[in-house]
Amino acid sequence: MAVPPTAIGKRHTGTEGGPIRRNPAGNVARPMVQRLPAPQDVAQCLEVGLFDTPPFYSNSTNSFRNTVEGYSDPTGRYDPAVRSLHNLAHLFLNGTGGQTHLSPNDPIFVLLHTFTDAVFDEWLRRYNPDISIFPLENAPIGHNRQYNMVPFWPPVTNTEMFVTAPDNLGYAYEVQWPSQAFSVTEIITITVVAALILVAIVFVVTTCFIRARRNKDESNQPLLSDQYQRYAEEYEKLSNPSQSMV
Ligand SMILES: O=C(O)c1cc2cc(O)c(O)cc2[nH]1
């Protein structure tokens, strides 16, 4: 049977899985991927100071690499149920862009991966790490620092790519990075410290004020000074106040 030309056209303009499909936030079976990453997630991810932690895999915890990839929560804590940042954006698309073997067919892939690289670049800029923090061994195949990055051609090692964009690619990303919001613990700590500082300031100012007033009184009325006050008190105690104390 002859295939209608329109059907042939569709087959060739679409992806392996058919035309590009997107159903953003439409995965009702997975409510956690019904949202995009938030600016705060990026800010938190950039606070994860360790580049990677054993086993240098998708279950690494407190690893910037695993956090930006999106297998940890944005603070770096690994949780198998969580998807964040890069992975969350893929899954949010809920269609071609959410399937590893098809996602490059969706043009959003380029934007997502460019932004992910910009986050990595900002991390390199902030922490200025030495290559010695990149795993030398025990990472999955292709992921130790001297290995070539598969499938790039000509071959390029992870070490060669562990460089900021201006040095590596000749351009810089221009992003206004969100700043980190304070946590509840930090807000409480700041409030307590501010209150203590305020009490200390009030105490010092009051003490200075009282001293200044007393000094003024003493210079204006020397008989009110401590020394004469004591004489006065002792004089009061005497049974016969007219008797001389000298
Ligand atoms: O389930 C994930 O975390 C997930 C899905 C998905 C799709 C994709 O094209 C990727 O590049 C990564 C990815 N992660």
Side-chain angles (χ1 to χ4, degrees), residues 11-48 50-124 134-135 139-144 147-153 155-158 160-162 165 168-169 173 175:
R11 283 174 74 98
H12 287 270
T13 53
T15 68
E16 186 196 324
I20 291 167
R21 287 180 295 108
R22 289 183 197 143
N23 179 20
N27 190 343
V28 287
R30 275 182 94 174
M32 279 179 78
V33 302
Q34 289 181 317
R35 70 168 189 99
L36 276 171
Q40 268 308 300
D41 300 341
V42 176
Q44 287 183 317
C45 166
L46 283 167
E47 296 288 315
V48 181
L50 290 176
F51 178 68
D52 210 353
T53 54
F56 312 116
Y57 196 56
S58 56
N59 57 348
S60 289
T61 199
N62 201 20
S63 146
F64 166 76
R65 194 248 337 128
N66 207 35
T67 308
V68 71
E69 191 162 354
Y71 286 110
S72 299
D73 76 15
T75 68
R77 190 180 53 91
Y78 170 67
D79 177 345
V82 160
R83 288 294 184 274
S84 70
L85 295 153
H86 156 266
N87 280 344
L88 180 56
H90 271 290
L91 296 173
F92 173 85
L93 291 172
N94 191 33
T96 308
Q99 294 166 269
T100 39
H101 63 300
L102 298 176
S103 58
N105 291 337
D106 185 329
I108 288 180
F109 183 94
V110 178
L111 297 177
L112 168 57
H113 284 256
T114 303
F115 184 71
T116 304
D117 191 49
V119 178
F120 170 56
D121 186 62
E122 176 63 10
W123 187 90
L124 285 176
F134 202 104
I141 192 154
H143 293 268
N144 289 320
Y147 283 37
N148 288 326
M149 296 177 90
V150 177
F152 298 112
W153 191 264
V156 58
T157 62
N158 289 300
E160 289 169 283
M161 289 291 119
F162 202 63
N168 192 4
L169 307 167
Y173 293 108
V175 183

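As the structure lists them, so they are numbered: ligands from 1, and atoms in each ligand from 1.
Among protein heavy atoms, the minimum distance from atom 2 (C) of ligand 1 is reached at Arg83 NE, 3.4 Å. The protein non-hydrogen atom at the shortest distance from atom 9 (O) of ligand 1 is Ser103 OG, 2.5 Å. Here the heavy atom of the protein found nearest to atom 14 (N) of ligand 1 is Asn87 OD1, 2.9 Å. Protein heavy atom closest to atom 11 (O) of ligand 1, with residue, atom name and distance, is His90 NE2, 3.1 Å.
Judged purely by atom type and a 3.5 angstrom limit, Thr67 has no side-chain atom pairing as donor or acceptor with the backbone of Pro74. No donor-acceptor distance shorter than 3.5 angstrom exists from the side chain of Thr53 to the backbone of Ser60, with no hydrogens or angles considered. A side-chain donor-acceptor contact under 3.5 Å links Asn158 to the backbone of Gly142.
Close contacts between ligand 1 and Gly98 involve ligand atoms 5 (C), 6 (C), 7 (C) [criterion: under 4.0 Å to a heavy atom]. Using a 4.0 Å cut-off to heavy atoms of Thr100, the atoms of ligand 1 that qualify are 6 (C), 7 (C), 8 (C), 9 (O), 10 (C), 12 (C), 13 (C).
Only the side chain of Leu91 comes within 4.0 Å of ligand 1, counting heavy atoms alone; its backbone N, CA, C and O stay farther away.
In this structure, Thr157 OG1 and Asn144 CG are separated by 11.5 Å, a value rounded to the nearest 0.5 Å.
Ring centers of Phe134 and Phe51: under 6.0 Å apart, within the cut-off.
Trp123 and Phe162 have tilted rings, their planes meeting at an angle from 30° to 60° on a 0 to 90° scale.
Using a non-hydrogen distance threshold of 4.0 Å, His86 registers as a contact of ligand 1.
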